[in-house]
Amino acid sequence: MICKLCKKREAEIILPYARLALCPECFRNFFIRRVKRTVEEFKMFRPGELVGVAVSGGKDSAALLHALRIGFPQQPIVAIHINLGIKGYSSDCERKVERQAEIAGVKLLVYDLEAEEGYTIDSFSKTRWRRRMCAVCGTIKRHVLNMVAHREGVKALATGHNLEDTLEVMYKLFLSGDFKQLARLYPTLPSTHPKLVSRIKPLVRTPEHEALLYTGYSEIPVREASCPYSNKPIVDRVKRWLDEEEHKSPGFKYRLLSSFLKLTRIIRASLEEKGPRLNLCRVCGYPTSGEVCAKCRVASLVSPGFRV
Ligand code: AMP
Ligand code: FES
Ligand code: ZN
């Protein structure tokens, strides 16, 4: 089969939802164009603004960094990685992000949790969080990414959440009736405080499988190890259902995303002006609705420097 776009090279990638069969080169251009259109549609950043890309070592953020660099050649971009200090995992992640940043030609900032704060994610395996390591890790990652981005002068912080990640969480929040959290999954979350950096998800329209193909065809190395604390089943039930529906009716995932986005716009409009009043955390000085932020509260369990 011949590529539908260049009509020259052999097609290797079939995208039923777009009725396209593409050669690797046209696929990569297609991938980059979709990231560009998503950035523009959701007004994720403006020319000249410093964009931070949170890179974990995985395929999604690796593809994101590369596609943003090519799609926006004039944009100032910096990659940010947190070394979480997880044995048998974090050092592989750091090695891979170093290569990814080098290939993209982007400066990399590494925040080493142990060196900077005196503890690692492993430290929590002896606390009451031991059965919820991903939750505590998520709290720390969110806070540290914002802090590093803010200190660096980043205007928009991009993460590699893809189409299925977003749909899975949106669907679960929808079923549980947590519309406030659902609204927070909007692809652009503007800053609500001078110390909170705007969050963006330029891969919200990118299927997971295509991020993997993109890194493969671009020869971008990605981490091999998987996090020892991940308690997610290999195939999530909701993701399997999404794949089945997409198979029966190509474009299903996009139609579902479009409905969820409509819903989040309505919820966000009704919530505006009612955001919580923010104080500055007594320990780290970053915004929180309480007195001490969630990250400093958990950090105090494993590091004396955070005791209040
Ligand atoms: P996860 O929550 O692990 O699915 O990751 C979601 C996104 O968060 C990734 O695509 C990255 O953009 C970002 N991220 C996760 N882990 C790290 C890390 N250790 N350092 C920097 N960014 C990360
Ligand atoms: Fe955070 Fe696995 S990466 S618990
Ligand atoms: Zn704090």
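Any value given below was found using the heavy atoms of this structure, including those in side chains, with hydrogens, waters and symmetry copies removed.
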Task: Test item: Met147 and Glu116 side chains (from C-beta on) under 4.5 Å apart, heavy atoms - done: no
Open item on the list: Within the structure provided, determine whether His193 and Leu280 are in side-chain contact (heavy-atom separation under 4.5 Å).
Closed with: yes
- [ ] With the side chain counted from C-beta on, respond yes when Glu12 and Phe27 share a heavy-atom pair under 4.5 Å apart, and no when they do not.
- [x] no
Task: Joint hydrophobic cluster, Leu175 plus Phe252, side-chain heavy atoms closer than 4.5 Å - done: yes
Open item on the list: Donor-acceptor pair, distance only, cut-off 3.5 Å: does the side chain of Glu49 make one with the backbone of Arg46?
Closed with: yes
Open item on the list: Please report the interatomic distance NZ(Lys201) to CG(Leu64), rounded to the nearest 0.5 Å.
Closed with: 12.0 Å
Open item on the list: Between Lys239 and Glu168, does any NZ, NE, NH1 or NH2 come within less than 4.0 Å of an OD or OE carboxylate oxygen?
Closed with: yes
TODO: May I ask you to check whether Tyr214 and His66 show a side-chain donor-acceptor distance below 3.5 Å?
DONE: yes
Task: Check: Pro16 main-chain N/O paired with Arg19 side-chain donor or acceptor under 3.5 Å - done: no
Task: Atom pair NE2 (His150) and OG (Ser191), whose distance is rounded to the nearest 0.5 Å - done: 8.5 Å
Open item on the list: Using the rule that Ile, Leu, Val, Met, Phe, Trp and Tyr join whenever any side-chain heavy atoms are under 4.5 Å apart, tell me whether Phe174 and Trp241 fall into a single cluster.
Closed with: yes
Task: Lys8/Glu25 ion pair, N-O < 4.0 Å - done: no
- [ ] Indicate yes or no: does Lys96 engage Asp92 in a salt bridge with an N to O separation below 4.0 Å.
- [x] yes
- [ ] Consider only side-chain N and O atoms of Ser218 and Arg28, and report whether a donor and an acceptor are under 3.5 Å apart.
- [x] yes
Open item on the list: As a quick check of understanding, evaluate side chain to side chain contact (heavy atoms under 4.5 Å, CB included) for Leu108 and Glu98, giving each step before the final call.
Closed with: CA-CA 7 Å; Leu108 170 70; Glu98 278 169 1; 3.9 Å; yes
TODO: Give the minimum heavy-atom separation between Cys227 and Tyr89, together with the two atoms involved.
DONE: N-CE1, 3.4 Å
Task: Residue that, paired with Arg34, satisfies side chain to side chain contact (heavy atoms under 4.5 Å, CB included) out of Thr206, Val39, Asn29, Leu203 - done: Thr206
Task: Salt bridge present between Arg37 and Glu40 (N-O < 4.0 angstrom) - done: no
Task: Non-hydrogen atoms of Cys281 and Cys296 that approach each other most closely - done: SG-SG, 3.9 Å
TODO: Step through it carefully: locate the ring centre of Phe42, locate the ring centre of Tyr186, and say whether they are under 6.0 Å apart.
DONE: yes
Open item on the list: Can you confirm whether Arg69 sits close enough to Gln75 that some side-chain heavy atom of one is under 4.5 Å from a side-chain heavy atom of the other?
Closed with: yes
Open item on the list: Quick check: do Leu84 and Lys141 have side-chain heavy atoms less than 4.5 Å from each other?
Closed with: yes
Open item on the list: Walk me through whether Leu257 and Lys253 qualify under side chain to side chain contact (heavy atoms under 4.5 Å, CB included).
Closed with: CA-CA 6 Å; Leu257 181 72; Lys253 291 177 185 175; over 6 Å; no
Task: Salt bridge present between Glu102 and Arg99 (N-O < 4.0 angstrom) - done: yes
Task: Aromatic ring pairing His143/Tyr286, orientation class (parallel under 30°, perpendicular over 60°, tilted between) - done: perpendicular
Task: Distance flag, aromatic centroids of Trp129 and Tyr229, threshold under 6.0 Å - done: no
Open item on the list: Between Arg184 and Leu189, is there a side-chain heavy-atom distance shorter than 4.5 Å?
Closed with: yes
- [ ] Kindly give the heavy-atom pair with the smallest separation between Asp60 and Ala211, and that separation in Å.
- [x] OD1-CB, 3.4 Å
Open item on the list: I want to check something: taking the side chain as every heavy atom from C-beta on, are Asn146 and Arg199 in contact at a cut-off of under 4.5 Å?
Closed with: yes
Open item on the list: Can you confirm whether Arg95 sits close enough to Pro221 that some side-chain heavy atom of one is under 4.5 Å from a side-chain heavy atom of the other?
Closed with: no
Task: More than 12 heavy atoms of other groups within 6.0 Å of Arg255 CZ - done: yes
